[in-house]
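Fair warning: this is a prediction, and the values are worked out from it, not measured in the lab. Each chain gets a letter, A, B and so on, in the order its sequence line appears, and its residues count up from 1.
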Amino acid sequence: MTVTTASVPKIGRHFRIQWEEAQQAYVLLYPEGMVKLNQSAGEILKRCSGETSVAGIVDDLEKTFNAQGLQQDVINFVELARQQKWVDVT
Amino acid sequence: MTDLAEARLAEQSAQIGPPLWLLAEVTYRCPLHCVYCFNPVDFAKHENELTTDEWFKVLREARELGSVQCGFSGGEPMLRDDLELIVAEAHRLGYYTNLLTSGIGLNEKRIDALKEAGLDHIQLSFQDSTREMNDFLSSTRTFDLKRRVADLIKSRGYPMVMNCTIHRHNIDHIESILQLASDIDAEYVELANTQYYGWAQVNRDQLLPSREQLERAERITNEWREKHGNRMKLFFVVPDYYENRPKKCMNGWGNIFLTITPDGKALPCHTARMLPGLEFPDVRTSGIREIWYESEGFNRYRGTGWMKEPCSSCPEKEKDYGGCRCQAYMVANDPDAADPVCDKSPFHGRIVEAVERAQIAGNPMQVKPLIYRGPKESLQLDRPF
């Protein structure tokens, strides 16, 4: 299944995302492991609630950061995150 | 302290990252008697366990510094009847909580209480794939129980992480171990070759597999990966005795790992208390911040400044930080030496000798019996490894 603007990503069942003050970053936590997310990865993943489509996430990001043309970057990242099982996509 | 020394200390603290990984060894007590246990051989001397409130203090202070992954191990952590309280506090503080258990004591009532407390993950250990070998290697009758616990873990929605320590006596069963992992629907499988610390060091010559055994096991693991794809994530850890360069032990001394022993010693790794001439701080009398940034125990082997030859001029010194201090002490009798696994070490021959002995066919158990971990044996041996 390919990620499109209509896809709805949700953080994977065995993963948890949270802000870590000491690292000044969002991290993804899973059994005995952790991925420190860069800013854009963190901003995308924290919006993967299972309630918003990729289009909605792009819209929110573009408004929040006063930016344009983020759609392809978001699709690419969600696809990568899906392959890593960080997100489930429906 | 001079201004210069103070400035240096401040600079050093700025470079030292937080103790991201906190390993809470809540007890050395264990119902199993595994011959490769990494607990100190003299564990029975360290009975004065931290109280519930003392664990709360450790969790709080480490979290303030940035600890985020928290493992509960032992011994068998289920033997603490306040484990649910400790896990609940860790969860409340924002840790990702991992329970590393043999499964003994994990019944329906307690798994529900742990789930309620916010436990994120359970790693279940097996000793082998059959009842006979599992029960022989742990000197208990626990195989059937572990199978039931595996089902219980799954039924509560936890990912199944199965761990099996690999050595000379079970490495040839790798296919059936993988089959067992598949049967219990494991998502992650750790096939970790024994590391030679604690009881494993006592039994080293009986546990070290031959090169042929190792190659076969690796080949079968790779074939399994090809055949079954990504469904189970397999980790196969080679014993470092078969390497020419040492492992980057604990990802660097005092770099990300902080272990707290059952009796409250703070260590850079769970076996470091064996090292001579180093006083490790006690969480009953020191705060975690002071322990992590300022104590002699944590600063002694940080970075590369402590090294001598062949490490100090080695172009790879930043890659492996000279390997493991405990292995240097156990094999070269000098905790400041290069890890003898490294072929640049003048003591590498001692590793080679052990490896050569492991190539001799036949059953080494016939030569020397395995020594099972237990409190009586611990007091009799009365030594750290």
Original post:
Would one find more than 12 heavy atoms of other residues, nucleotides or ligands at under 6.0 Å from atom NZ of Lys154(B)?
Top reply: yes
**OP:** Answer yes or no: is there an ion pair linking Arg63(B) with Glu21(A), defined by an N-O contact shorter than 4.0 Å?
**Re:** no
Original post:
Side chain, backbone, both or neither: which part of Glu187(B) has a heavy atom under 4.5 Å from chain A?
Top reply: side chain
Subject >> Donor-acceptor side-chain pairing of Glu32(A) and Gln123(B) below 3.5 angstrom >> reply: yes
Original post:
What closest approach, in Å, do Gly94(B) and Gln18(A) show between heavy atoms, and which atom pair accounts for it?
Top reply: O-NE2, 2.9 Å
Subject >> Matching residue for Leu20(B) among Glu20(A), Lys36(A), Gln23(A) - test: side-chain contact (heavy atoms from CB on, under 4.5 Å) >> reply: Gln23(A)
Original post:
Does the side chain of Met34(A) reach to within under 4.5 Å of the side chain of Tyr96(B), using non-hydrogen atoms?
Top reply: no
Original post:
Is Gln84(A) atom CD crowded by more than 12 heavy atoms from other residues, nucleotides or ligands, each under 6.0 Å away?
Top reply: yes
**OP:** Could you look at Ile122(B) and say if it's the side chain, the backbone, both or neither that has a heavy atom under 4.5 Å from chain A?
**Re:** neither
Original post:
Nearest 0.5 Å, what's the OH-OH distance between Tyr188(B) and Tyr30(A)?
Top reply: 7.0 Å
Subject >> Heavy-atom neighbours of Gln68(A) CD exceed 12 at 6.0 Å >> reply: no
Subject >> Nearest heavy atoms of Ala22(A) and Leu65(B), plus distance in Å >> reply: CB-O, 3.8 Å
